Amino acid sequence: MTRFPPTALADFYWAGASGFYGFTSQTPTMAGFVLWMFQRAVDGFGVAESKKARNLALDFRGFRDSKRSSAAMKSLARTVEGNLDYADHVSEIGWETLKDTDIFDASEREVIRRLVEGIGAQTMSYRDIADAISARRRDSFWFDDYATLYEGLSAAAELIQAIRNAVFHISSFDEGLTRYRDEWFRIDQCYRQFTQAYLTAEFKQPIAMLAELVEKAYVTDFLAPLGAAWQQQVDAVPQWRTINMTSQSSFYDQYVAPTLKGRKKAVVIISDALRYEIADELSAKIRGENKFSASIDAMLGVLPSYTQLGMAALLPHTTLAHSSDGDPVLVDGQKSDGTANRSKILSAVGGTAIRATDFVEMKPADRRDLYSSNQVLYVYHDTIDATGDKPVSEHRTFTAAADAVRELIDIVKKLASANATNIIITADHGFLYQRSKLAEQFNLTVKPQGEQIVKSTRRYVLGRGLKKDAAFTTFKPDQVGLSSDLEVQIPNSIQRIVQPGAGFQFVHGGASLQEIVVPVIQINKRRSDTVDPVNVDIHPESDRITTGQIVVKLYQSAKVEPHKPARRLRAGLYFGDTLISNEQEMAFDSSSDAGRDRFQSVTLLLSRDADEANNHSVEFRLSEPIEGTDQWKKYKSAPFTIKRAFASDDGWDF
């Protein structure tokens with residue numbers, strides 16, 4: 001075997017770099033070549049000018065698109081970025097240019113900074129922000145490094161615009177409930193999504209200013225005015241019920257009993273403090289799971305909105321009553337606290353109860369036996385309340401919410417594997433939560449008074465002969481559907497009763513919409529597929545290729561929804577089985593209703609292998625990944641014919 005001296009190999013390499021890419025230097029080095037390559041990338045390569053430029057652009061993009069080399073390309077980019085002092089000048093780039101720039105990491109940070117500025121200064125609408133983020137998700141090399149920040153930006157933009165446009169005027173008790181269920185819950189959802197993104201992002205600095213803006217908007221311009229408007233309806237309602245929503249006390253009769261007709265079975269998952277807005281997100285994620293359908297509704301929660309009473313209301317019963325000391329709550333005279341007592345109550349309808357932790361730890365065969373031996377199965381899940389309802393961990397409430405969503409999806413899948421087809425997820429109550437310290441005006445200075453105070457928490461009071469006070473709303477037991485002699489007092493709006501050692505950011509028990517609009521998710525396991533990614537069509541403007549590149553329009557025929565998720569495709573130009581261009585990976589993930597927003601264009605650069613295809617038919621091919629593998633299969637294709645002029649020896653077309 002012939003061996004070449006190192007100098008000969010180096011000369012061969014640099015001759016190739018010159019002849020193939022156009023790189024020339026009196027004293028070539030790898031560092032110099034890398035610097036030159038990125039400088040050419042910043043300038044757009046000049047692909048319309050020469051074959052050498054297209055060769056460089058093809059390989060540069062190929063290195064960035066490959067999973068094997070993308071990390072190395074990021075490392076090189078960061079080095080070159082420093083050598084060029086790019087970060088010092090990126091702020092001078094105009095927005096129209098910047099939003100399509102992704103050569104260096106600094107450009108991604110600058111895009112984020114501009115979006116934060118646009119949200120804060122109100123110079124960019126939510127639609128502008130959403131469009132910009134969607135484009136970065138599809139096209140930017142650096143997007144995944146900042147995906148959490150972008151999630152936060154999107155949530156912040158939507159929240160601020162929604163609060164700015166909202167009018168918190170409530171004309172009736174029924175209207176307040178339905179408007180929260182249908183629209184206002186989304187503000188709570190965006191607040192949670194932004195806060196969680198802000199707290200978990202590795203690079204917080206760009207959105208630190210936005211965090212304070214979001215907090216002020218949420219607490220001052222949403223929680224407080226909504227709470228005040230809703231309180232007027234709470235003060236006026238004679239009975240704690242509505243014609244527009246099922247009462248939580250009627251849950252079993254309205255949702256479970258009808259499912260059991262025809263010898264069917266039902267599973268109920270009760271997740272402690274699963275607020276409606278979290279359940280909405282959970283419902284959407286379940287619809288995104290193949291062979292599952294899910295719909296969400298809301299109930300009017302019991303008052304006070306706390307665990308013992310909420311859990312009791314979900315069981316089959318005729319009457320609910322507090323015991324003489326408040327808890328345990330009695331269901332038709334029986335104690336309802338704990339899994340054992342709940343199983344006794346459920347046994348009357350052929351059912352039983354189990355803790356979620358115990359269910360998850362069971363062997364698959366044991367889970368199937370448990371399901372088959374019961375008509376009704378109640379699974380009790382406690383992640384959010386177990387975290388939020390403790391002063392030492394209430395700051396982790398939104399992390400617990402994210403954990404709960406993942407856990408509940410896992411439980412649903414395990415139930416489906418145990419042959420369950422009808423599953424209901426609900427909650428005992430919701431909650432109020434804010435990241436910031438509670439303002440003094442929301443801490444009650446007055447103390448509840450009466451003949452006997454049986455129980456007093458931050459958000460409710462149970463007692464006998466309770467003294468009425470303007471700071472509280474007082475209900476007789478029959479007004480809230482209870483058969484005991486204990487009266488109920490609720491602090492107004494979002495106020496808290498001051499108690500030593502107790503947390504104040506996470507609370508429940510009161511009558512706020514966030515606490516008493518209780519979710520019901522109805523889930524069915526199907527035999528047939530329920531999820532199909534969005535369809536993508538090819539819209540060529542011509543069937544001829546006359547230059548060194550081709551631009552093809554692609555159309556996403558429907559918006560992304562849970563049951564129609566985004567489709568990931570790879571575009572390339574083929575001559576037979578030979579790839580004769582770069583391959584561009586694309587995500588079709590638009591959620592816009594407007595068809596014009598769902599067009600994308602892909603630009604492919606022809607490689608040197610394309611010369612052999614001149615005057616021949618070639619194929620523009622879209623491929624999609626084969627699930628569970630690293631292989632791809634053809635999705636759709638369109639024919640083209642290459643009709644290019646010959647090229648001179650120096651690489652210039654003529």
Side-chain angles (χ1 to χ4, degrees), residues 13 16-17 20-23 30-47 51-81 86 100-108 135-147 536 548-552 554 566-589 600-610 618-635 637:
Y13 179 85
F20 195 61
Y21 295 136
F23 172 72
M30 187 57 67
F33 172 68
V34 168
L35 182 64
W36 173 83
M37 177 176 65
F38 275 94
Q39 286 174 319
R40 294 288 285 163
V42 171
D43 295 335
F45 293 109
V47 294
K51 282 186 176 180
K52 292 179 181 180
R54 283 195 296 277
N55 291 338
L56 181 64
L58 273 168
D59 287 347
F60 182 84
R61 294 176 184 179
F63 290 144
R64 300 213 321 169
D65 290 342
S66 171
K67 291 182 179 179
R68 288 182 295 180
S69 56
S70 60
M73 288 295 285
K74 285 185 175 180
S75 179
L76 291 174
R78 289 188 175 102
T79 299
V80 173
E81 177 185 309
Y86 183 83
D100 297 324
T101 301
D102 74 333
I103 304 302
F104 297 117
D105 186 20
S107 62
E108 205 69 45
R136 298 304 289 185
R137 180 183 293 107
R138 288 195 304 266
D139 303 328
S140 175
F141 181 56
W142 302 92
F143 180 87
D144 288 346
D145 293 13
Y146 299 95
V536 177
Q549 67 181 34
I550 176 177
V551 180
V552 181
L554 304 170
R567 188 181 287 273
R568 184 162 66 100
L569 296 173
R570 193 163 66 182
L573 200 65
Y574 283 81
F575 182 39
D577 291 328
T578 302
L579 178 66
I580 58 172
S581 72
N582 63 304
E583 282 191 301
Q584 179 69 47
E585 197 165 312
M586 307 178 73
F588 295 86
D589 57 1
Q600 289 191 56
S601 292
V602 58
T603 300
L604 299 178
L605 305 178
L606 274 61
S607 68
R608 60 187 180 279
D609 293 328
V618 296
E619 180 184 58
F620 173 82
R621 185 183 301 172
L622 293 175
S623 303
E624 62 181 351
I626 301 173
E627 187 175 355
T629 75
D630 60 356
Q631 303 298 307
W632 295 69
K633 62 182 179 181
K634 185 192 290 189
Y635 172 65
S637 64

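What you see is a predicted model; the values in this text were computed from it and never measured.
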Minimal non-hydrogen separation, [X] against [Y], with atom names:
X    : Y    : value
E108 : F143 : OE1-N, 4.2 Å
I103 : W142 : O-NE1, 3.5 Å
Y574 : E583 : OH-OE2, 2.9 Å
G62  : S69  : O-OG, 4.3 Å
M73  : F38  : O-CZ, 4.0 Å

Could you check D630 against R68 for salt bridge (charged side-chain N to carboxylate O under 4.0 Å, His left out), going step by step and ending with a plain yes or no? CA-CA 13 Å; D630 60 356; R68 288 182 295 180; over 6 Å; no
Between [X] and [Y], is there a donor-acceptor pair closer than 3.5 Å when you use the side chain of the first and the backbone of the second?
X    : Y    : answer
S623 : W632 : no
S607 : I580 : yes
T79  : S75  : yes
D589 : A566 : no
R40  : F45  : yes

Taking atom types as modelled, find out whether D105 and Y146 have a side-chain donor-acceptor pair closer than 3.5 angstrom.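 A pair is found: one side chain offers a donor N or O, the other an acceptor, under 3.5 Å apart.
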Could you tell me the separation between the [atom1] atom of [X] and the [atom2] atom of [Y], rounded to the nearest 0.5 Å?
X    : Y    : atom1 : atom2 : value
L58  : Y21  : CG    : OH    : 9.0 Å
R621 : L569 : CZ    : CG    : 13.5 Å
M586 : S601 : CE    : OG    : 7.5 Å
T629 : E627 : OG1   : CD    : 9.0 Å
D59  : F20  : CG    : CZ    : 5.5 Å
N55  : L606 : CG    : CG    : 11.0 Å

Who passes salt bridge (charged side-chain N to carboxylate O under 4.0 Å, His left out) against R608, sequence neighbours left out?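 Expected list: none.
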Aromatic rings F104 and Y86: how do their planes relate, parallel, tilted or perpendicular, breaks at 30° and 60°?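 F104 and Y86: tilted rings.
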For F141, what residues pass the ring pair (Phe, Tyr, Trp, His ring centres under 6.0 Å) criterion, not counting sequence neighbours?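 Applying ring pair (Phe, Tyr, Trp, His ring centres under 6.0 Å) to F141 gives none.
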Begin from the C-alpha positions of L604 and V552 and carry the test side-chain contact (heavy atoms from CB on, under 4.5 Å) through to its verdict. CA-CA 8 Å; L604 299 178; V552 181; 5.9 Å; no
Go through the steps to decide whether R570 and D65 satisfy the test salt bridge (charged side-chain N to carboxylate O under 4.0 Å, His left out), and finish with yes or no. CA-CA 11 Å; R570 193 163 66 182; D65 290 342; over 6 Å; no
Walk me through whether R64 and D102 qualify under salt bridge (charged side-chain N to carboxylate O under 4.0 Å, His left out). CA-CA 11 Å; R64 300 213 321 169; D102 74 333; 2.8 Å; yes
